[in-house]
*Asks:* 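One structure, pasted below without further comment.
Each chain gets a letter, A, B and so on, in the order the sequences are listed, and its residues count up from 1.
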Protein chains: 2
Amino acid sequence: MGCNTHTRTFKNAVYDHLATVGKALSSSTRLEILEVLAQAPRTVDSIAAEVDQSVANTSQHLQKLKKARLVTGRRDGLYVIYSLSGEDVVELLDKLNRVADEHIKELEELATEFFGERDGLEAVDHHTLLERIKDGTAVLIDVRPEEEYDAGHLPGALSIPVDELEAHIESLPTDRTIVAYCRGPYCAWSAEAVNQLRARGYDARRADVSAPFWKAGDQT
Amino acid sequence: MGCNTHTRTFKNAVYDHLATVGKALSSSTRLEILEVLAQAPRTVDSIAAEVDQSVANTSQHLQKLKKARLVTGRRDGLYVIYSLSGEDVVELLDKLNRVADEHIKELEELATEFFGERDGLEAVDHHTLLERIKDGTAVLIDVRPEEEYDAGHLPGALSIPVDELEAHIESLPTDRTIVAYCRGPYCAWSAEAVNQLRARGYDARRADVSAPFWKAGDQT
DNA sequence: TATTTATTCAACCAATCACTTGACTACTTG
DNA sequence: CAAGTAGTCAAGTGATTGGTTGAATAAATA
């Protein structure tokens with residue numbers, strides 16, 4: 001209380017600005033755009049295709065994200081290339097994911113329903129993953145599109161996009177565990193990769209790791 | 001590409017759930033409610049008064065926050081007491097604050113405009129703060145209402161709510177720096193406390209620390 | 001049981017939202 | 001300069017939002 005009368009308008013202005021960021025995170029389409037941008041910078045056209053929306057609509061969403069300062073766009077000739085405006089945005093998205101994951105039980109239900117029994121493709125956590133790669137008992141594969149791998153990947157990972165897995169499957173060692181990861185905890189590609197690998201007799205697992213989030217500090 | 005057709009509906013469901021959390025953060029009133037709850041659990045009535053909204057409206061906002069699983073309410077006799085549903089929610093709010101603070105330049109402008117020259121009341125960062133308290137060159141005061149102090153405070157802090165500062169000012173040592181903190185980086189109370197203290201000849205500073213966020217890990 | 005206090009629910013309104021369509025601007029290449 | 005491609009802008013539509021008001025519950029107390 002006390003200084004409320006003085007404070008009001010300043011406080012409101014502050015919360016309005018914070019809400020601008022909140023609003024940016026309030027549309028599923030925008031969250032999808034953000035996750036795409038968390039993998040690698042992209043042009044408007046390509047984002048639109050990725051999230052299955054019209055270019056105009058995508059552009060408008062990008063304007064909103066820009067207003068909230070979560071993304072920046074730079075012109076490169078014919079194209080405008082958007083990217084997240086900082087590491088901390090990845091961290092924010094990561095937190096949002098984790099909070100939702102922790103508290104919204106429907107998400108877990110969805111996941112087990114979609115991935116089958118989640119322990120059917122037992123995920124491997126971050127720390128044991130690193131150890132297993134070091135001591136050579138596991139091979140880590142990044143099943144995202146090549147450009148996303150090129151923009152940054154877990155150390156020691158091989159790039160094998162899902163749709164090329166079939167072709168490269170022979171080159172993988174049969175005497176080690178294959179651990180696959182993709183964009184995030186709900187990205188289906190790693191699950192698909194694991195299924196393909198298992199069908200061929202490999203010992204395969206999903207990594208319990210969000211692709212761009214190795215930058216975002218520790219995985220608890 | 002590839003598995004989009006299969007993926008679509010699952011992906012949409014996931015992003016819809018994430019957006020539920022985003023939506024919860026998209027209204028300035030709700031963010032204010034969350035910050036209040038980050039200090040201490042509270043009844044609907046008292047939240048409504050604190051954020052200056054009708055009880056009905058506040059209740060509806062709380063329902064939305066509950067649906068997003070950011071808060072929980074438990075009945076205690078006549079009252080329903082709401083609180084944040086976990087530490088991680090505090091961390092999420094903290095990230096939101098930091099991202100906004102980092103990228104939205106208008107926020108800094110607002111702050112300097114309101115707090116006067118920000119370095120006029122030079123904030124003290126987390127680490128030097130801890131050192132100064134340990135070696136006894138500084139006294140830390142928590143200027144939030146007593147209940148919020150009671151619900152949790154920085155170790156070693158004294159509780160002196162702003163509106164009682166005048167009365168207790170004599171009891172503070174004149175030979176040490178007084179460092180004040182309150183709810184968050186935009187909470188005006190600590191600034192006001194500093195002004196009062198300086199007017200009486202004290203060496204006073206604001207702490208660059210968000211009250212409940214000592215739980216939320218390190219201050220970078 | 002009737003009354004009081006705290007909270008929620010339901011109905012409503014103006015404002016905002018996500019998305020569409022179609023026109024407009026920016027840049028590159030022929 | 002004309003033609004083509006990438007992106008933005010403007011106007012419009014139905015759905016959702018934040019807020020209001022007043023009635024309906026829920027629990028404590030008289």
*Asks:* Grab the CG-C1' distance between B:D45 and D:dA27 for me, whole Å please.
*Replies:*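 One finds 15 Å between C1' of D:dA27 and CG of B:D45, rounded.
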*Asks:* In whole angstrom, give the distance that lies between atom CG of B:L31 and atom P of D:dG18.
*Replies:*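 Answer to the nearest Å: 11 Å.
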*Asks:* Assign A:V55 to base, sugar-phosphate, or nothing according to its heavy-atom contacts below 4.0 angstrom with the strands shown.
*Replies:*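 Touches a base.
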*Asks:* Give one of base, sugar-phosphate or nothing for A:K64, where a contact means two heavy atoms less than 4.0 Å apart.
*Replies:*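 If one applies the 4.0 Å heavy-atom cut-off, A:K64 turns out to touch the sugar-phosphate alone, with no base involved.
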*Asks:* Could you give the NZ-to-C1' distance, from A:K67 to C:dT16, as a whole number of Å?
*Replies:*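 Computing the A:K67:NZ to C:dT16:C1' distance gives 11 Å.
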*Asks:* Measure from NZ on B:K23 to C1' on C:dA18 and round the result to the nearest Å.
*Replies:*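 Spelled out: NZ on B:K23 to C1' on C:dA18 is 10 Å.
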*Asks:* With sequence neighbours excluded, what pairs up with A:K66 under the side-chain contact (heavy atoms from CB on, under 4.5 Å) test?
*Replies:*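 Listed in chain order: A:Q63, A:V71, A:Y82.
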*Asks:* What is the separation between atom CG on A:D52 and atom P on C:dA18, rounded to the nearest whole Å?
*Replies:*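 My rounded result for the distance is 17 Å.
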*Asks:* What is the separation between atom OH on B:Y79 and atom P on C:dT8, rounded to the nearest whole Å?
*Replies:*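 Going from B:Y79 (OH) to C:dT8 (P), I get 14 Å.
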*Asks:* So, B:S159 and B:D142: side-chain donor and acceptor under 3.5 Å apart, yes or no?
*Replies:*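 No.
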*Asks:* Generate the contact string for nucleotides 19-30 of chain C. Rules: B means base contact, S means sugar-phosphate contact only, - means no protein heavy atom under 4.0 Å.
*Replies:* BBBB----BS--
*Asks:* Check A:R206 against A:P185 and note the closest heavy-atom contact, atom names and distance.
*Replies:*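 That would be NH1-O, 4.0 Å.
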*Asks:* Output the rounded distance in Å from CD1 (A:I33) to P (D:dG7).
*Replies:*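 Spelled out: CD1 on A:I33 to P on D:dG7 is 13 Å.
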*Asks:* Just N and O in the side chain of B:Y82: are any of them under 4.0 Å from OP1 or OP2 of C:dT8?
*Replies:*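 Looking at the OP1 and OP2 atoms of C:dT8, one of them is under 4.0 Å from a side-chain N or O of B:Y82.
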*Asks:* Which is more 5' along DNA chain C, the nucleotide nearest A:R30 or the one nearest B:R42? Just name the residue.
*Replies:*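 First, find each residue's nearest nucleotide; the 5'-ward one identifies B:R42.
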*Asks:* Show your reasoning for whether salt bridge (Lys or Arg N to Asp or Glu O under 4.0 Å) applies to A:E102 and A:K95.
*Replies:* CA-CA 10 Å; A:E102 174 70 27; A:K95 260 305 170 247; over 6 Å; no
*Asks:* Between B:Y186 and B:D101, is there a side-chain donor-acceptor contact under 3.5 Å, judged purely by atom types and distance?
*Replies:*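 Side-chain D/A pair, B:D101 to B:Y186: present.
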*Asks:* Please list, chain by chain and in numerical order, all residues satisfying side-chain hydrogen bond (donor to acceptor under 3.5 Å, both in side chains) with B:N57, sequence neighbours excluded.
*Replies:*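 Once residues adjacent in sequence are excluded, the partners of B:N57 under the side-chain hydrogen bond (donor to acceptor under 3.5 Å, both in side chains) criterion are B:Q53.
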*Asks:* What is the separation between atom CG on A:L65 and atom P on C:dC17, rounded to the nearest whole Å?
*Replies:*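 To the nearest whole Å, that distance equals 13 Å.
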*Asks:* Would you mind telling me which of A:L172, A:I178, A:I169 makes a side chain to side chain contact (heavy atoms under 4.5 Å, CB included) with A:I160?
*Replies:*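 Of all the options given, the one that passes is A:L172.
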